[in-house]
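Report on one structure; see the data block that follows.
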Amino acid sequence: MTTLPTWGLVATIKAPAEDVLRFAAYHLEAGAHRLRLYLDAPCPEAQAVLAKHPKIQATLCDADHWKRLNGGRPPMHQPRQTINATHAYSAETELDWLIHMDVDEFLVSDAPVAQHLANLPSGTLTARARPMELLAGGTGAFKRFIPAGPDRERLVAELYPTFGEHLKGGFLSHLAGKIFLRTGLSRVKLRIHNAFQDGEMNPAQVDLAAVDLAHCHAPTWDAWQASFRYRLEKGSYRADLGPARARKLGGITMHELFHAIEADAGPAGLRTFYDEVCADSPALRVRLEQRGLLHLVDLDLDAARMHQFPVIP
């Protein structure tokens with residue numbers, strides 16, 4: 001009998017305790033052998049539970065943590081993520097593969113993740129799971145990743161006739177997905193969506209086509225609004241990120257788009273954007289399904305949490 005490879009994940013998390021526990025529980029159920037969770041802010045309720053699980057290492061990122069790793073706490077969350085991820089990789093001795101993820105991302109596959117990793121071509125060092133993005137306000141409907149190519153812009157314009165020209169691949173968040181990196185490599189630096197070994201980005205990379213990264217970026221209108229200002233200034237809609245298309249073709253950034261929408265129509269304009277691009281509407285489901293871009297899956301996060309962590313103190 002062939003032994004399947006072991007895999008685990010590293011995440012830097014700032015979220016309510018219930019979200020942390022759902023994330024951890026889901027991936028334990030999915031077969032993760034080790035979870036290395038770095039708590040970016042104190043979360044005593046979650047930490048008390050996580051500390052009792054033999055497959056979880058939960059680290060509070062306090063002043064002592066950052067002094068040891070970096071000489072001090074980086075002000076932006078992106079370097080905090082990459083420093084923690086690289087630290088976890090360098091300390092890993094139990095796993096064959098490690099993936100860096102966020103608390104709103106969930107691995108989805110039709111077979112155990114370990115089996116898909118075992119099926120990779122020999123010599124593979126990095127394997128990328130492409131994202132699918134949650135349709136907000138619904139239950140388990142996702143828009144699939146559209147690969148780069150001559151049909152991408154046409155498909156996005158058909159799906160989102162008002163705002164599609166400003167969306168990379170029709171997604172509100174990233175298209176890059178996340179990568180599994182084979183452990184045991186020297187001189188490695190992990191980034192949010194990539195890895196470098198001796199300066200080479202994503203060595204010996206393949207797409208892990210059978211595993212999707214279910215990204216719950218805007219699960220509800222209220223949740224999207226709660227994180228909107230932070231993302232606009234420091235996160236995935238910040239000013240220094242590039243436009244969906246070249247400037248010479250009329251491309252503007254998400255940062256510019258949202259400022260223009262607010263200047264023109266205020267909160268009502270943002271709601272119009274959300275309803276077309278994010279909301280789980282029957283019309284959008286039809287458009288996605290007609291193009292083979294609708295994926296239905298019940299993550300059942302509450303059931304996973306209750307199974308792994310049935311008693312919360």
Side-chain angles (χ1 to χ4, degrees), residues 15-16 18-19 21-23 25-27 29-30 101-113 116 128-148 151-178 207-228 231 236-237 244 254 270-307:
E18 191 66 14
D19 290 347
L21 296 176
R22 287 185 183 125
F23 172 79
Y26 177 90
H27 288 101
E29 296 277 290
M101 297 176 64
D102 291 329
V103 72
D104 60 354
E105 296 172 333
F106 303 89
L107 296 170
V108 173
S109 63
D110 59 358
V113 171
H116 292 304
R128 186 174 298 276
R130 292 291 181 179
M132 56 183 183
E133 196 170 85
L134 180 70
L135 300 188
T139 54
F142 292 80
K143 60 176 81 172
R144 280 197 171 279
F145 172 78
I146 305 173
D151 290 332
R152 180 188 271 180
E153 285 195 11
R154 175 184 59 82
L155 287 171
V156 172
E158 291 171 357
L159 291 167
Y160 314 103
T162 306
F163 299 103
E165 65 178 306
H166 305 302
L167 302 173
K168 291 183 179 180
F171 277 23
L172 188 56
S173 187
H174 65 81
L175 295 177
K178 297 295 175 66
D207 266 8
L208 193 59
V211 178
D212 293 302
L213 185 84
H215 192 183
C216 303
H217 178 75
T220 65
W221 165 256
D222 288 341
W224 187 54
Q225 286 296 284
S227 60
F228 179 75
R231 287 171 172 166
S236 50
Y237 317 146
M254 294 295 289
L270 291 177
R271 185 67 197 229
T272 298
F273 173 91
Y274 170 90
D275 287 343
E276 177 177 291
V277 173
C278 307
D280 185 7
S281 68
L284 180 54
R285 281 202 186 201
V286 168
R287 294 198 297 274
L288 290 167
E289 188 168 25
Q290 287 173 342
R291 294 158 180 81
L293 296 171
L294 180 67
H295 186 94
L296 302 177
V297 59
D298 184 2
L299 298 178
D300 209 357
L301 301 179
D302 288 332
R305 202 277 288 164
M306 286 299 297
H307 184 244

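Please read all numbers here as calculations on a predicted model, not as lab measurements.
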Exercise for the section: Start with the C-alpha distance between Arg154 and Asp151, add both sets of side-chain angles, then the distance that settles salt bridge (charged side-chain N to carboxylate O under 4.0 Å, His left out), and finish with yes or no. Expected result: CA-CA 5 Å; Arg154 175 184 59 82; Asp151 290 332; 3.7 Å; yes
Using a distance-only test with no angle check, is there a side-chain donor-acceptor pair under 3.5 angstrom linking His217 and Asp104?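 No, Asp104 and His217 have no side-chain donor paired with an acceptor closer than 3.5 Å.
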- Query: So, His174 and Glu133: side-chain donor and acceptor under 3.5 Å apart, yes or no?
  - Reply: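 There is no such pair between these side chains.
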Say you draw a straight line from [atom1] of [X] to [atom2] of [Y]; how long is it, rounded to the nearest 0.5 Å?
X      : Y      : atom1 : atom2 : result
Leu296 : Thr139 : CG    : OG1   : 8.5 Å
Ser109 : Leu208 : OG    : CG    : 8.5 Å
Cys278 : Leu172 : SG    : CG    : 4.5 Å
Met254 : Ser236 : CE    : OG    : 8.0 Å

Nearest heavy atoms of [X] and [Y], plus distance in Å:
X      : Y      : answer
Leu159 : Leu284 : O-CD1, 4.2 Å
Ala218 : Ala136 : O-CB, 2.7 Å
Ala214 : Val108 : CB-CG2, 3.9 Å
Phe23  : Asp102 : CE1-O, 3.1 Å
Leu107 : Ala129 : CD2-CB, 4.5 Å
Val156 : Gly169 : CG2-C, 3.5 Å

Under the ring-ring contact (aromatic ring centres under 6.0 Å, His included) test, residues paired with [X] that sit two or more places apart:
X      : value
His116 : none
Phe228 : Trp224, Phe258
Tyr26  : Phe106

Exercise. Got Arg128 and Lys178 here, is their nearest side-chain heavy-atom distance under 4.5 Å?
Worked result: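 No. Closest side-chain heavy atoms not under 4.5 Å.
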Checklist entry - Are the side chains of Met132 and Leu293 in touch, meaning some heavy atoms are under 4.5 Å apart? => result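 No, side chains not in contact.
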field: Pairs flagged by salt bridge (Lys or Arg N to Asp or Glu O under 4.0 Å) wherever residues 165-174 is involved - sequence neighbours left out
entry: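 For residues 165-174, and leaving out neighbouring residues, there are no salt bridge (Lys or Arg N to Asp or Glu O under 4.0 Å) pairs at all.
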Residue pairs meeting salt bridge (Lys or Arg N to Asp or Glu O under 4.0 Å), one or both in residues 287-300, sequence neighbours left out, come to Glu158-Arg291
> Does Arg22 come within less than 4.0 Å of Asp19, counting only side-chain N to carboxylate O?
Replying inline: yes
Review point. Is any side-chain N of the basic residue among Arg130 and Asp207 closer than 4.0 Å to the acidic one's carboxylate O?
Key: yes
With sequence neighbours left out, the residues meeting side chain to side chain contact (heavy atoms under 4.5 Å, CB included) with Glu29 are Ala304, His307, Gln308
Q) For Ile146, does its backbone N or O pair with a side-chain atom of Arg152 as donor and acceptor, under 3.5 Å? A) yes
Can you tell me if Thr220 uses its side chain to pair, donor with acceptor, with the backbone of Ala223 under 3.5 Å? yes
Note to self: Test side-chain contact (heavy atoms from CB on, under 4.5 Å) on Phe142 and Asp280; report intermediate values, then the result.
What the structure shows: CA-CA 9 Å; Phe142 292 80; Asp280 185 7; over 6 Å; no
Do Leu288 and Leu135 pass the side-chain contact (heavy atoms from CB on, under 4.5 Å) test, and can you show the C-alpha distance, the side-chain angles, and the key distance before you say yes or no?
CA-CA 11 Å; Leu288 290 167; Leu135 300 188; 3.9 Å; yes
So among Glu276, His166, Lys143, which one has a side chain to side chain donor-acceptor pair (under 3.5 Å) with Tyr160?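 Among Glu276, His166, Lys143, the one that satisfies the side chain to side chain donor-acceptor pair (under 3.5 Å) with Tyr160 is Lys143.
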